[in-house]
Student: 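Here's a structure for you.
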Amino acid sequence: MSSPTYSIIAPIFNELANLPELHRRVAEVMDQTGDSWELILIDDGSTDGSSDLIAQLAEKDDRVKPVIFARNFGHQIAVTAGLDYSQGQAVVIIDADLQDPPEVILDMIAKWHEGNDVVYAVRAEREGESWFKLFTASLFYRIIYRITDVKIPLDTGDFRLLDRQVVDVLNQMRERHRFLRGMSAWVGFKQVGVSYRRAARMAGETKYPFNKMLRLAINAVTGFSYFPLQVATYMGFFSAGLSIIAIPIVVIGRLAGSQAFFGQATTLIAVLFLGGVQLISLGILGEYVGRLYDEAKGRPLYIVRKAPDRPQKDR
Ligand code: UDP
Ligand code: MG
């Protein structure tokens, strides 16, 4: 069997209610292209029977390729597996909850035909999300933009089209703590955006609670910047500078007979301040060292229970 023109990748974590509609809408859109396509559904350790439904879909439609994980590995790793197993000339990453309308894929394909290698979707509007999510997401993209070395386009998610050349490069980047939007900006090539309205989730709850969002944010920062480590240095200079200024002031004050800076409170504040600076710096260092350790262990990024025969990579 020859490889298809397009691969559509959708990570699935307990999306039973969204799966049939996802398949229907993707098929409807992709059939309009007149080219061959495959839909890779990565089951990221669902517990709601999504994997059985994926198997059923694959039985009825041989363009559906199931990749079933042995447990939950997280969204970014699920997408990575999709990239590994994809065979298309252009690969599209899409959320399974239909927040990314499959119809936008046609716009992406048009840009791809114009010679672009990465076509990312920019969220012009977002529906049905809490102000907290909107606020933290917006803040997050702006902080990342400022402190990292790669210019990750603002308000983009993983919804994007990647040329085969880019996918092959990404598949060589086996880092464990992944931030795919950063990685796909880092590789370079010709990149362009299309704007779209991000819909509300069709069914179910978000699978990205606050702690997972925070993890992703820390992965993004540590993966693309040493800024937090530099902050530790700045804090060190700040507290050292403060003491250099304070010493002559206190000495002169004492000689002049001032009663200021006597007593426990001053000592306590100084000790707490320095202790705080040191512990924060240690914590920041720890985030980087922990990631180093994870890389050193070299475990596979994911474990599959069931997958198509011809993986591009075996991990
Ligand atoms: N997802 C996943 N593994 C996870 C969490 C999420 O594969 O551990 C999938 C989920 O099924 C969906 C996509 O990642 O297809 C995006 O998740 P979600 O819609 O919950 O995130 P949100 O849109 O709320 O940021
Ligand atoms: Mg969603």
Side-chain angles (χ1 to χ4, degrees), residues 7-26 39-54 57 64-86 91-102 104-105 120-141 144 155-160 176-181 196-220 301-305 307:
S7 300
I8 314 295
I9 295 176
I12 313 285
F13 182 50
N14 295 339
E15 304 283 7
L16 196 61
N18 291 317
L19 267 170
E21 185 66 7
L22 173 76
H23 174 243
R24 193 190 65 76
R25 274 179 64 187
V26 167
L39 172 62
I40 302 179
L41 297 173
I42 305 98
D43 175 51
D44 186 16
S46 299
T47 51
D48 67 344
S50 289
S51 44
D52 297 333
L53 184 56
I54 293 173
L57 287 174
V64 174
K65 311 266 171 69
V67 176
I68 313 292
F69 277 6
R71 65 167 167 85
N72 181 262
F73 282 90
H75 167 247
Q76 297 285 302
I77 298 290
V79 173
T80 303
L83 292 175
D84 287 343
Y85 282 97
S86 72
V91 180
V92 178
I93 302 168
I94 192 168
D95 276 0
D97 58 359
L98 293 164
Q99 283 196 283
D100 309 328
V104 180
I105 297 175
Y120 51 85
V122 184
R123 301 154 175 176
E125 262 177 75
R126 288 181 132 191
E127 289 166 22
E129 286 193 281
S130 68
W131 67 265
F132 180 74
K133 177 118 189 176
L134 292 181
F135 175 73
T136 48
S138 162
L139 187 72
F140 167 68
Y141 290 117
I144 294 292
D155 303 316
T156 59
D158 287 319
F159 186 26
R160 58 187 60 223
R176 196 148 311 269
H177 299 279
R178 305 172 81 79
F179 185 60
L180 283 162
R181 331 169 188 174
Y196 79 112
R197 291 182 60 180
R198 188 157 164 90
R201 188 172 240 286
M202 195 184 92
E205 296 270 292
T206 175
K207 308 298 182 302
Y208 256 98
F210 183 70
N211 61 342
K212 275 195 192 172
M213 269 164 53
L214 193 67
R215 276 281 114 205
L216 184 70
I218 297 176
N219 287 344
L301 288 184
Y302 53 83
I303 302 163
V304 292
R305 200 150 53 82

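We count residues from 1, following the sequence as given. Whatever order the structure lists them in is the order used to number ligands and atoms, beginning at 1.
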Student: Where is the nearest protein heavy atom to atom 13 (C) of ligand 1: which residue, which atom, and how far?
Tutor: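 Going atom by atom, the protein heavy atom closest to atom 13 (C) of ligand 1 ends up being D95 OD1, 3.6 Å.
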Student: Verify the distance criterion only: is there a donor paired with an acceptor across the side chains of D100 and Y196 at less than 3.5 Å?
Tutor: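 Per modelled atom types, D100 and Y196 side chains form a pair under 3.5 Å.
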Student: If the cut-off is 2.8 Å, does any N/O/S atom of D97 fall short of it from the Mg ion (ligand 2)?
Tutor: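 Looking at D97, which is the residue asked about, there is an N, O or S atom under 2.8 Å from the Mg ion (ligand 2).
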Student: Please state whether K212 comes within less than 4.0 angstrom of ligand 1, counting heavy atoms only.
Tutor: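 True for this residue.
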Student: Under a 4.0 angstrom heavy-atom cut-off, which atoms of ligand 1 come close to Q99?
Tutor: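 Going through ligand 1 atom by atom, the ones under 4.0 Å from Q99 are 19 (O), 22 (P), 23 (O).
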Student: Within ligand 1, which atoms have a heavy atom of K207 less than 4.0 Å away?
Tutor: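 Selected atoms, number and element: 5 (C), 6 (C), 18 (P), 20 (O).
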Student: Looking at ligand 1, would R198 count as a contact under a 4.0 Å heavy-atom criterion?
Tutor: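 R198 counts as a contact of ligand 1 under the 4.0 Å cut-off.
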Student: Can you say whether the rings of F73 and F69 are parallel (under 30°), tilted (30 to 60°) or perpendicular (over 60°)?
Tutor: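 If you compare the ring of F73 with that of F69, the planes turn out perpendicular.
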Student: Confirm or rule out an N/O/S atom of Q99, from backbone or side chain, lying less than 2.8 Å from the Mg ion (ligand 2).
Tutor: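 Yes, Q99 qualifies, because one of its backbone or side-chain N, O or S atoms lies under 2.8 Å.
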Student: Hey, can you tell me if F140 and F179 have their rings parallel, tilted or perpendicular (30° and 60° cut-offs)?
Tutor: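 Taking F179 first and then F140, their aromatic rings stand perpendicular (interplane angle over 60°).
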Student: Could you tell me whether some N/O pair between A78 and ligand 1 is separated by less than 3.5 angstrom?
Tutor: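 No, there is no polar N/O contact under 3.5 Å.
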Student: For the residue pair Q76 and D158, confirm or rule out a side-chain donor-acceptor distance under 3.5 Å.
Tutor: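 Side chains of Q76 and D158: pair found under 3.5 Å.
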